[in-house]
Chemist: 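Can you keep this structure in mind? I'll have questions shortly.
Proteins get letters first, then strands, A, B, ... in listed order; numbering begins at 1 in each.
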Number of protein chains: 2
Amino acid sequence: MKIGDLAKRAGCTVETVRYYEREGLLPRPERGANNYRLYDASHLETLCFVRNCRALEMSLAEIGTLLRLKGMSGQDCGEVNTILDEHIDHVAERLAQLHQLQEQLVSLRRLCSRIESVESCAILRELAESPEGDCPARPAGPHVRGAH
Amino acid sequence: MKIGDLAKRAGCTVETVRYYEREGLLPRPERGANNYRLYDASHLETLCFVRNCRALEMSLAEIGTLLRLKGMSGQDCGEVNTILDEHIDHVAERLAQLHQLQEQLVSLRRLCSRIESVESCAILRELAESPEGDCPARPAGPHVRGAH
DNA sequence: AGACACCCTGGAGTAACTACAGGGTCAAGG
DNA sequence: CCTTGACCCTGTAGTTACTCCAGGGTGTCT
């Protein structure tokens, strides 16, 4: 099958397919007399593998490692499990970080309930504060320490 | 003050300060006879503003807009609130997405509890599945549809 | 005079694509 | 036979928000 068919079946663009080939995630396929790439079912499987991993937001480096492990028959899948566990931890950390961020944003947003002038807007004032009392432009205002 | 002092007070690197200047977020400061940049308190305030916004993961484009609004005295802060609301929505969407991702990852991980060969590992099999039954390499295996 | 810390400019590198520009190939229709 | 349109090719540049040099100048201390 040609690159357009492959891409459609895997749900990505032809540019992405060529990109994966350049990055070494997809083996270089045969070429027809017209220099078109010609793919078979195993290419499709590999591409689906990559796209599924990307949908789970793994990095291409992680996916490359998984593909190498997948190809080493006789090997056990302990490393696969480890990579997945690490990725799960990574996502958990990012989730915690975003939760905290969301709280900070919401409490910042509450500082200005009604429309005021930009000079008196407590949001803008809060955002101009220095990390450790170092921004001397506005000496000391009402300000939500602990919110961030 | 010199760029190193400014950067230290705002908690960032000198490269980042110069980058913000290039991007138009920080006004071009005066230069000394030695061509060194010379900053004052208002530069520090602006830099703190940018860094605080970045800590809240706003984009530099959003921050630029906020800075322009902040500078237009006489203006009301309705647009500021709108930008913040949109950013909060954006973070909320990302949070929901990551929650779903985490569930998918955990149920994928459960497919392989003990160490097996890479040929039989259900994680690797699941990851090779096509989006719509299109990957014909392994005709039909036990497989957790609905997990993703 | 030398060592060291700081400053300058300009350019390359990061992740994972996306979007061309400029060209070739192929099948169908007029 | 010619054209149109859909596909394919290579190679390069752009995206975000920095980070990290290379190669050079400046300022202070000993």
Chemist: Are the side chain of B:Arg109 and the backbone of B:Cys112 linked by a donor-acceptor contact shorter than 3.5 Å?
Modeler: yes
Chemist: Within less than 4.0 Å of OP1 or OP2 of C:dA15, is there a side-chain N or O belonging to A:Ser59?
Modeler: no
Chemist: Checking contacts here: which listed nucleotide (C:dT9, C:dA16, C:dC7) is nearest the side-chain heavy atoms of A:Leu60?
Modeler: C:dA16
Chemist: Nearest-nucleotide wise, let me know which of A:Gly4 and B:Ala61 is further upstream toward the 5' end of DNA chain D.
Modeler: A:Gly4
Chemist: Taking only the side-chain heavy atoms of A:Glu15 (C-beta and beyond), determine which of D:dC9, C:dT18, C:dC8 contains the nearest atom.
Modeler: C:dT18
Chemist: Give a yes/no on whether any side-chain N or O of A:Arg51 is located under 4.0 angstrom from OP1 or OP2 of C:dC17.
Modeler: yes
Chemist: Quick one: the side chain of A:Tyr36 and the base of C:dG24, do they pair up donor-acceptor inside 3.5 Å?
Modeler: yes
Chemist: Return the residues of residues 25-34 of chain B meeting this criterion: a heavy atom under 4.0 Å from some atom of DNA chain C. Order them by number, or give none.
Modeler: B:Arg31
Chemist: Distance-only, no hydrogens or angles: does the B:His87 side chain make a donor-acceptor pair with backbone N or O of B:Glu62 under 3.5 Å?
Modeler: no
Chemist: Please tell me which of the listed nucleotides, D:dT19, C:dC8, C:dT18, lies nearest to the side chain of B:Thr13?
Modeler: D:dT19
Chemist: Are A:Tyr19 and C:dA15 close enough that a side-chain N or O sits under 4.0 Å from OP1 or OP2?
Modeler: no
Chemist: Donor-acceptor pair, B:His43 side chain versus B:Leu6 backbone, under 3.5 Å?
Modeler: no
Chemist: Consider side-chain contact (heavy atoms from CB on, under 4.5 Å). Of A:Asp5, A:Thr46, A:Val17, which one does A:Tyr39 pass it with?
Modeler: A:Val17
Chemist: May I ask you to evaluate whether B:Arg54 reaches the phosphate of D:dC18, defined as a side-chain N or O under 4.0 Å from OP1 or OP2?
Modeler: yes
Chemist: Taking the basic N atoms (NZ, or NE/NH1/NH2) and the acidic carboxylate oxygens, is any pair closer than 4.0 Å for B:Glu57 and B:Arg94?
Modeler: no
Chemist: Just how far is it from atom CD of A:Gln102 to atom CG of B:Asp89, taken to the nearest 0.5 Å?
Modeler: 8.5 Å
Chemist: Which is true for B:Arg18 with a 4.0 Å heavy-atom rule: it touches a base, it touches only sugar-phosphate, or it touches nothing?
Modeler: base
